[in-house]
Each structure stands twice: as structure tokens, then as C-alpha cells.
Protein chains: 2
Amino acid sequence: MSNDDSSFGATVRRLRNEKDIGLRKFAQMVGMSPTYLSKVERDEFAPPAEDKVRAIADARGQDADELLALAGRVSAELADIIKRHPREMATFLRAANGLSAEEMQRLVEEARRLKKEEGT
Amino acid sequence: MSNDDSSFGATVRRLRNEKDIGLRKFAQMVGMSPTYLSKVERDEFAPPAEDKVRAIADARGQDADELLALAGRVSAELADIIKRHPREMATFLRAANGLSAEEMQRLVEEARRLKKEEGT
DNA sequence: TCGTTCGTATAGTAGACACTAAACACTCGA
DNA sequence: TCGAGTGTTTAGTGTCTACTATACGAACGA
């Protein structure tokens, strides 16, 4: 679960190779040294900081939250949302843990509905 | 918002003084040096690591998630939940951001209801 | 006034985090 | 065969995190 092809490094390498971008070029695109990127891609170094992970996701049109999760991180933006309502969000996350994507989708819609009602 | 009486440090000091516990004793209770605790309480040092924050919350019967939030942290447990379903949770958190405690409570109940149905 | 307890100031540290530069070995087209 | 490109190895570095030990000055009780 760390050196196979679903690891962060392997994923980045696959993403990069899909478009035949060289290591040096991609490193420049995302703002890091080729050396570092090489090590990161082989999981020899831990995943980089949030901004680099985002840059990688952006460069390849991937979902940033997902790539961040693979990097073992939670975006600062989401952390901030939780910090604003820690008890409520903590309770919710524990309650929602394990629900399927469809069920989560229902809750998202419910949340949006509640929010819209506020503007009434 | 950092040196007033709602800061992490000031909160810990208040919590400690409420029961007239000395700095040295409390430091020992939560497993840190008195020196460090003193600085933390005056916000001269940043809040400690998650386990210490939890120890403080436990020692004074406070909500750990809330104290962690005040410490600018999100518990590793919650981060893990998000990492398991990053897209869904990220979407939800953004959608739910700004809802009131009551509205969040409704979503928690909905989540619990959905989960119960699964066992059917 | 001595001993104890209080909080504080000073000065440091081990270890992790997030990287970088330079040099290297290999391959491949011209 | 050479030079231009590929990825990799070696050997670091500066900054931050999360603390600690020792020593200090003030107050208080016996």
C-alpha cells in the first residue's frame, strides 16, 4: 500500500507518463527540482507539501482533494471548515464514516437544500 | 484572536485555574514539562501536539475536538475519515460550510438513519 | 529567615519536514 | 562518436516542530 502502483509516487509517475512529459519538464511545470520529483515518484521521499500536490493535480487535471488524500494530507481549506465548527463537523464525520458515495451524495444535496432555505 | 482570553493558551490556563491546580502539577498530569506548559499558556509557544491537547481536554473534561480546533489542529482520526472518501467528504464539507448547529444536527441524524438502513 | 511553592526567563536540542545542487550512467538519433 | 536527452545517486541544507533542563525572582507560611 506504499510502493505499489496506487502509491502517491507511482500515481504521479503514471500521470506524468500518460502525456509523455519528461521528468525535468514536469518538475519545472509544478515548481520543484527534478531530483526531488524523481525521489517522490519512487516513494523514496514522502509526498511534497500541499501546494506542490495541488500543482501536480492541476497540471494533470486531477482532483486535488483525492491526490492530497493519497499524499496523506487533508487540505488546509477543509481543515479550516472543520475548525470553525469542530463539534458539529466531528460528530457528522463520525456518523457519516462508512457511508457509500451515493449516500454521501444525498447528504450533500440535503446540505445544499438547507443552505438555500436560509436565503429565503 | 491570539492573545485574548479565547486563545488556546488562555483557555488552558483558565481551565487549570478553575480547579486551582498548580502549573507543575497540571504539567505532570498531562505529561509535559512545567516550563513548556507555562509558555504554552501564555501563547509564547504554539499549542502542543495532538496527544497533549487530548490529555489536557481529558484532564478537564473538555471536548477534545473543540480544544484541538482551538489549537489549530484537526484530529488524525477525522483526517483519516476524510482520506478514506476524499471527494465525497470534501464536497460535503464545502456544501455544509456555514450551516448552523441545528442544521448540522439534522444532517447527523440523516447520516445515522442512512447507516441504520444498511443493516436492514 | 528558612523552606517551599508559585510562575517565568534563558538557552538549548533531537528529529522531522521539505526540499536542492551537482554529478552520474544510460540510451538513442544524427 | 558525440551530444542531447532520459532518469538516478549522493550528499547535503535551512527551517520548523515539539519539546526539555536549569536557574531565577517573588510570595507565603511556619
Side-chain angles (χ1 to χ4, degrees), chain A residues 2-3 5 7-60 64 67-76 79 83, chain B residues 2-3 5 7-60 64 67-76 79 83:
Chain A
S2 147
N3 236 21
D5 57 357
S7 72
F8 179 80
T11 300
V12 172
R13 176 149 290 190
R14 179 162 32 73
L15 250 23
R16 178 170 65 81
N17 285 335
E18 275 170 7
K19 278 235 171 167
D20 278 319
I21 310 172
L23 187 142
R24 278 172 176 76
K25 179 165 182 203
F26 195 61
Q28 200 198 341
M29 285 170 69
V30 302
M32 61 176 74
S33 73
T35 308
Y36 185 47
L37 180 59
S38 171
K39 300 227 159 209
V40 165
E41 284 188 351
R42 285 172 297 123
D43 297 305
E44 200 172 311
F45 277 1
E50 176 168 349
D51 59 335
K52 315 277 181 182
V53 176
R54 272 186 195 286
I56 293 169
D58 290 355
R60 295 304 342 275
L67 201 59
L68 279 167
L70 207 57
R73 297 180 191 279
V74 168
S75 93
K83 284 178 223 158
Chain B
S2 145
N3 238 18
D5 57 356
S7 72
F8 179 80
T11 300
V12 172
R13 176 149 291 190
R14 179 161 33 72
L15 250 24
R16 177 170 65 81
N17 286 335
E18 275 171 8
K19 278 232 170 169
D20 278 320
I21 309 173
L23 187 141
R24 277 172 176 77
K25 180 164 182 203
F26 195 62
Q28 201 198 340
M29 287 170 68
V30 301
M32 62 175 74
S33 73
T35 309
Y36 184 49
L37 179 59
S38 172
K39 299 229 160 208
V40 165
E41 284 188 352
R42 286 172 297 121
D43 297 305
E44 200 173 310
F45 276 1
E50 177 170 349
D51 58 335
K52 315 278 182 185
V53 176
R54 271 186 196 286
I56 293 169
D58 290 355
R60 295 303 342 274
L67 201 59
L68 279 167
L70 208 58
R73 298 181 190 279
V74 168
S75 93
K83 283 178 223 160

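Proteins come first, then strands; the chains are lettered A, B, ... in the order of their sequence lines, and each starts at number 1. We use all heavy atoms of the structure for the numbers below, so side chains are in, but hydrogens, waters and symmetry mates are not.
Across the protein-nucleic acid pair, E44(B) atom CD and dG7(C) atom P stand 16 Å apart, rounded to whole Å. As a whole-Å value, the separation of D20(B) CG from dT5(C) C1' is 14 Å.
Applying the 4.0 Å criterion to OP1 and OP2 of dC6(C), one finds that R16(B) has every side-chain N and O outside that range. For dC19(C), the OP1/OP2 oxygens have a side-chain nitrogen or oxygen of K52(A) closer than 4.0 Å. In this structure, R42(B) does not reach the dG7(C) phosphate: none of its side-chain N or O atoms is under 4.0 Å from OP1 or OP2.
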Contacts table for residues 24-39 of chain B: side-chain donor-acceptor under 3.5 angstrom, sequence neighbours left out:
unit_1: S33(B); atom_1: OG; unit_2: Y36(B); atom_2: N; d: 3.2
unit_1: S38(B); atom_1: OG; unit_2: R42(B); atom_2: NH2; d: 3.0
unit_1: K39(B); atom_1: NZ; unit_2: E44(B); atom_2: OE2; d: 2.7

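Residues in residues 45-59 of chain B take part in these salt bridge (charged side-chain N to carboxylate O under 4.0 Å, His left out) pairs, two or more places apart or across chains: E50(B)-R54(B).
Contact check for N17(A) versus R14(A): no side-chain heavy atoms found under the 4.5 Å cut-off. A heavy-atom distance below 4.5 Å is not found between the side chains of P47(B) and V40(B). Contact of the V12(A) side chain with the R60(A) side chain is not registered, since no non-hydrogen atoms from C-beta on lie closer than 4.5 Å.
Residues from residues 21-32 of chain B lying near DNA chain C, meaning a heavy-atom separation below 4.0 Å, are G22(B), L23(B), R24(B) in numerical order. For residues 33-40 of chain A, proximity to DNA chain D is found at T35(A), S38(A), K39(A), defined as any non-hydrogen atom under 4.0 angstrom from a strand atom.
Nearest heavy-atom pair across L68(B) and S75(B) is CD1-CB, 3.7 Å. Here the shortest heavy-atom pairing between A71(A) and V53(A) reads CB-CG2, 4.1 Å. The two residues A10(A) and S7(A) make their nearest non-hydrogen contact at N-OG, 3.1 Å.
Expressed to the nearest 0.5 Å, how far CZ of R13(A) lies from CG of D5(A) amounts to 13.0 Å.
Between the R16(A) side chain and the I21(A) main chain, a donor and an acceptor come within less than 3.5 Å of each other.
Put simply, chain B comes within 4.0 Å of DNA chain D, heavy atom to any atom, from dA18(D) to dT22(D), going 5' to 3'.
For L70(A), the side-chain contact (heavy atoms from CB on, under 4.5 Å) partners are F8(A), T11(A), L67(A), not counting sequence neighbours.
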